[in-house]
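Notes to accompany the following structure.
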Amino acid sequence: MAKFLTNREENYSQWYNDLVIKADLAENSAVRGCMVIKPYGYAIWEKIQAGLDKLFKETGHVNAYFPLFIPKSFFSKEASHVEGFAKECAVVTHYRLKNDGKGGVIVDPAAKLEEELIVRPTSETIIWNTYKNWIHSYRDLPILINQWANVVRWEMRTRLFLRTAEFLWQEGHTAHATREEAIEETQKMINVYASFAENSMALPVIKGFKSENERFAGALETLAIEALMQDGKALQTGTSHFLGQNFAKAFDVQFTDNTGKLDYVWATSWGVSTRLMGALIMAHSDNNGLVLPPKLAPIQVVIIPIYKKTEQLSEISAIASKIKTDLEAKGITVKYDDRDNNKPGWKFADYELKGVPARIAIGPRDVENKTVEIARRDTLEKQVISVDKIADYIPALLGDIQKNIYSKALNFRKENTFHVDKWDDFTRILDETGGFIMAHWDGTRETEEKIKEETKATIRCIPFDAPEEKGKCILTGKPSNKRVLFARSY
RNA sequence: CGGGGUGUAGCGCAGCCCGGUUAGCGCAUCUGGUUUGGGACCAGAGGGUCGCAGGUUCGAAUCCUGCCACCCCGACCA
């Protein structure tokens, strides 16, 4: 396990500062709890966006954009929604500053807003307020819209990537004529997230239902994917909510069905955020820095020349640019780093820190032998192969790295998933190793809260694929018919 | 909001306890040269409201008071 994780008392924030920031991903901003995402980090986000967007389109969704500001009154329309978000809202009260006569500025008291505006913490309210005007008949349904946006949640405590005050995300908001169709959409989208996590991020996830305690404010059912990080903590990496008719009723969105009957519209919403980048970092990194799955790496292959004289460099460059062209023809992103200001060793270390999956080094020895040295980031293994085999070798290597990173993470999860029947084991495992704990639960809110109080562990989800099994609740001993997933989480 | 910590060059830090030359070190930057198969070396150069405000003192980065910001832990939470 990575050095930065071996001491469980240490947390990831320190590592972010020491390592990730050097890898040019992000830094804290002057604004409380916000982050500056640097170009290299943003390039990873763009890959995530592109991958998800493709899946959304394939499942029939379109993109749109709604306002950043939400009138305060919208929030009071759905009772549990306001209760969930009221504590963490940024509020706009004025629209103008003025000179204070001392060289500074003050908020102009004359420019007070009639009704305060809330900076969106999520967009259900403003979107359903809009949908009201778009939906009259069953012919207007379904509406399958996604929005890429930033949202603000004024959390008491923030953590880089995992819980920032402002974060980037996508939120899908769909409207349907029937309950069944909405439920199907909710399930479809959690599957989209799971397949993206597993196929693109190389991150194994567990799909399941949230318990009542952990449910989204305003939802009838919340589905989630949960991943295990290398320090033994769980991270919720995506959610999909079945909202029933709650928002349609709150915003009075009714439609005429094909029998002429008036009914409220059924809704879903679903989202993932820049937290995915936190998941990527924490699931795969090692002591040398990031380990990016090839499918999300902004640079998939870096070519580094090793040379003494300029004549050597021009020879090497000729070979390198041929390799670059050949690989790019196969859709691979290649960077040839012939900068003269750093030595090869420095570059090796730097691209490892950045998580570039494969590195090709070409030196005089290689020129002579018509070979190159290839190093893979996931295992740090190096091997020398003949130049003319590269165009076939690299695509296969990238595929192999993608698979290997996934199976490494999956093995880690298997080794750190425990089936537990005794309370003593439950608390001991949480304290000693962390990880996922599959245990029986009596299904009550009270029991979950009590367990949280005593151990800080919560029910991450009730897995879809949990087999029927007679058992007794880990805390109360009351009967239970399946195990649920417990963990301490971010 | 409670507890702890930190603020000194672009970055990372020492100096503060015990006030006293011109505030130092590493990395980075710039110049010249030698180097280049795992984070090079030599010589030189530039770069500072010591977080802010006030106080004590002949003299404050150092002591005192107030304020601000950031980080960590907790409460809270997608």
Side-chain angles (χ1 to χ4, degrees), chain A residues 9-18 21-22 24 27-34 81 83-89 120-122 124 151-171 193 210 213-219 222-226 234-241 269-276 278-279 288-289 304-310 312-313 316 338-353 359-369 371-375 380 382 384 452-453 456 458 460 489-490:
Chain A
E9 297 305 311
E10 284 178 27
N11 62 55
Y12 280 100
S13 301
Q14 189 55 46
W15 187 71
Y16 279 135
N17 292 328
D18 289 350
I21 287 173
K22 281 185 203 149
D24 249 351
E27 61 189 21
N28 287 321
S29 153
V31 184
R32 178 201 172 275
C34 294
H81 192 65
E83 199 183 316
F85 286 102
K87 289 169 286 186
E88 51 185 44
C89 286
R120 62 179 167 222
T122 179
E124 275 78 5
V151 289
V152 168
R153 295 182 189 174
W154 214 261
E155 303 285 355
M156 284 176 175
R157 194 155 133 60
T158 58
R159 273 179 218 272
L160 198 54
F161 284 119
L162 299 182
R163 189 172 297 106
T164 42
E166 179 191 4
F167 55 94
L168 306 182
W169 78 343
Q170 59 69 216
E171 44 181 329
Y193 288 151
K210 282 287 176 187
N213 274 355
E214 301 279 323
R215 204 172 278 159
F216 176 75
T222 290
L223 311 183
I225 50 173
E226 291 284 332
L235 185 69
Q236 175 179 304
T237 39
T239 47
S240 180
H241 314 291
S269 69
W270 28 273
V272 295
S273 70
T274 35
R275 176 181 269 191
L276 287 183
N288 293 337
I304 296 171
I306 300 161
Y307 61 95
K308 289 196 174 75
K309 309 193 183 75
T310 30
Q312 286 176 335
L313 178 61
I316 291 166
D338 63 348
R339 289 174 304 167
D340 196 28
N341 51 353
N342 292 117
K343 290 180 61 174
W346 192 92
K347 291 178 187 172
F348 293 171
D350 191 47
Y351 288 106
E352 276 165 16
L353 193 62
R359 178 184 75 227
I360 301 175
I362 311 173
R365 214 157 64 202
D366 297 303
V367 174
E368 197 171 315
N369 303 333
T371 58
V372 295
E373 181 193 80
I374 296 178
L380 298 169
K382 288 190 265 195
V384 175
K452 184 179 179 182
E453 252 171 57
K456 289 184 185 166
T458 50
R460 300 322 303 153
S489 75
Y490 278 102

Determine, for nucleotides 34-40 of chain B in 5'-to-3' order, which nucleotides have protein heavy atoms under 4.0 Å from the base (write B), from only the sugar-phosphate (write S), or from neither (write -).
--BBBBB

A/Thr122 near the nucleic acid: base, sugar-phosphate alone, or nothing, with a heavy-atom cut-off under 4.0 Å?
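Since no nucleic acid heavy atom lies under 4.0 Å of A/Thr122, the category is nothing.
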
Look at all strands and tell whether A/Phe167 reaches a base, only sugar-phosphate, or nothing, counting heavy atoms closer than 4.0 Å.
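Since a base atom lies under 4.0 Å of A/Phe167, the category is base.
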
A/Arg215 or A/Met156, whichever maps to the more 5' nucleotide of RNA chain B:
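Closest to the 5' end, via its nearest nucleotide, is A/Met156.
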
Using the [atom1] atom on both, measure [N] against [M] and round to a whole Å.
| N | M | atom1 | result |
| --- | --- | --- | --- |
| B/C25 | B/A61 | C1' | 16 Å |
| B/G47 | B/U8 | C1' | 14 Å |
| B/A60 | B/C17 | C1' | 15 Å |
| B/G48 | B/G7 | C1' | 15 Å |

Interatomic distance where [atom1] belongs to [X] and [atom2] belongs to [N] [whole Å]:
| X | N | atom1 | atom2 | value |
| --- | --- | --- | --- | --- |
| A/Glu155 | B/G74 | CD | P | 15 Å |
| A/Lys456 | B/C76 | NZ | C1' | 13 Å |
| A/Leu162 | B/C77 | CG | C1' | 12 Å |

Are there runs of at least three consecutive Watson-Crick or G-U pairs touching RNA chain B, with each pair's two distances under 3.5 angstrom? Give them by first number.
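Stems for RNA chain B, defined as runs of 3 or more consecutive pairs: B:1-7 with B:68-74, B:10-13 with B:24-27, B:29-34 with B:40-45, B:51-55 with B:63-67.
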
